[in-house]
Amino acid sequence: MMVEDSFFDKVYQVSRLIPVGRVTSYGAIAKYLGAARSARMVGWALNGTKTRGMDVPAHRVVNRKGVLTGKQHFGQRSLMQELLENEGIIIENDQILNFSEIFWDPEKELAL
DNA sequence: TTGCTGACCGACG
DNA sequence: CCGTCGGCCAGCA
């Protein structure tokens, strides 16, 4: 199967590996890809998922504080929260309460 | 082609 | 504690 080495495509691949009920951060993905300081690109890459129509659970990606900073990019601002809550994630005021419990670190889980 | 922007993060005062 | 700034890199006018 063809594997794209582009930064964007890697973001898509890693994002799809995020288990249900778990979340990760832009910085974690960026760091896993070897570009810890390019966390903004991760968010930018996820922005392209909607236009590209890719099946990437971007709602499981939040910032390092566990805040749904990218909720406004889901069309409806409540959509991202509802999707996460539907997976058993508790969110209050755009903040994931048990963030540290459900945090999914690709570097740790994928154990490279 | 140049320049601005952006769903972030960490450092500094 | 809080506000500000630089950095990283790809997409778009």
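So that the names make sense, note that chain A is the first sequence line, chain B the second, and so on, each numbered from 1.
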query: With the sugar-phosphate defined as primed atoms, P, OP1 and OP2, and the base as all remaining atoms, what B/S/- string results for nucleotides 8-13 of chain B, 5' to 3', for protein heavy atoms under 4.0 Å?
result: BSS---
NZ/NE/NH1/NH2 to OD/OE distance under 4.0 Å, A/Glu109 and A/Arg22: no
In this structure, how many angstroms lie between the [atom2] atom of [N] and the [atom1] atom of [X], rounded?
| X | N | atom1 | atom2 | result |
| --- | --- | --- | --- | --- |
| A/Lys10 | C/dA10 | NZ | P | 12 Å |
| A/Leu33 | C/dA10 | CG | P | 12 Å |
| A/Phe7 | C/dG7 | CZ | C1' | 13 Å |
| A/Ile29 | B/dA7 | CD1 | C1' | 11 Å |
| A/Trp44 | C/dA10 | CH2 | P | 13 Å |

field: Any residue meeting salt bridge (Lys or Arg N to Asp or Glu O under 4.0 Å) with A/Arg64, in chain and number order, not counting sequence neighbours
entry: none
- request: Report the C-alpha distance between A/Phe7 and A/Val42 in whole Å, list the side-chain angles of each, state the deciding distance to 0.1 Å, and finish with yes or no for side-chain contact (heavy atoms from CB on, under 4.5 Å).
  value: CA-CA 8 Å; A/Phe7 186 86; A/Val42 177; 4.2 Å; yes
Please round to the nearest 0.5 Å and tell me the distance separating atom [atom1] of [X] and atom [atom2] of [Y].
| X | Y | atom1 | atom2 | answer |
| --- | --- | --- | --- | --- |
| A/Tyr26 | A/Met41 | OH | CE | 12.5 Å |
| A/Asn63 | A/Gln95 | CG | CD | 8.0 Å |
| A/Gln81 | A/Phe74 | CD | CZ | 12.0 Å |

message: Using side-chain contact (heavy atoms from CB on, under 4.5 Å), reason through A/Met80 and A/Val62 one step at a time and then give a plain yes or no.
response: CA-CA 10 Å; A/Met80 185 175 185; A/Val62 295; 3.9 Å; yes
task: Taking only heavy atoms on the protein side, list every residue of residues 72-101 of chain A lying under 4.0 Å from any atom of DNA chain B, sorted numerically.
output: A/His73, A/Phe74
message: Does A/Ala58 reach a base, just sugar-phosphate, or nothing at all? Heavy atoms under 4.0 Å.
response: base
message: Apply side-chain contact (heavy atoms from CB on, under 4.5 Å) to residues A/Trp104 and A/Leu110 and explain how you reach the verdict.
response: CA-CA 10 Å; A/Trp104 184 81; A/Leu110 299 180; 4.3 Å; yes
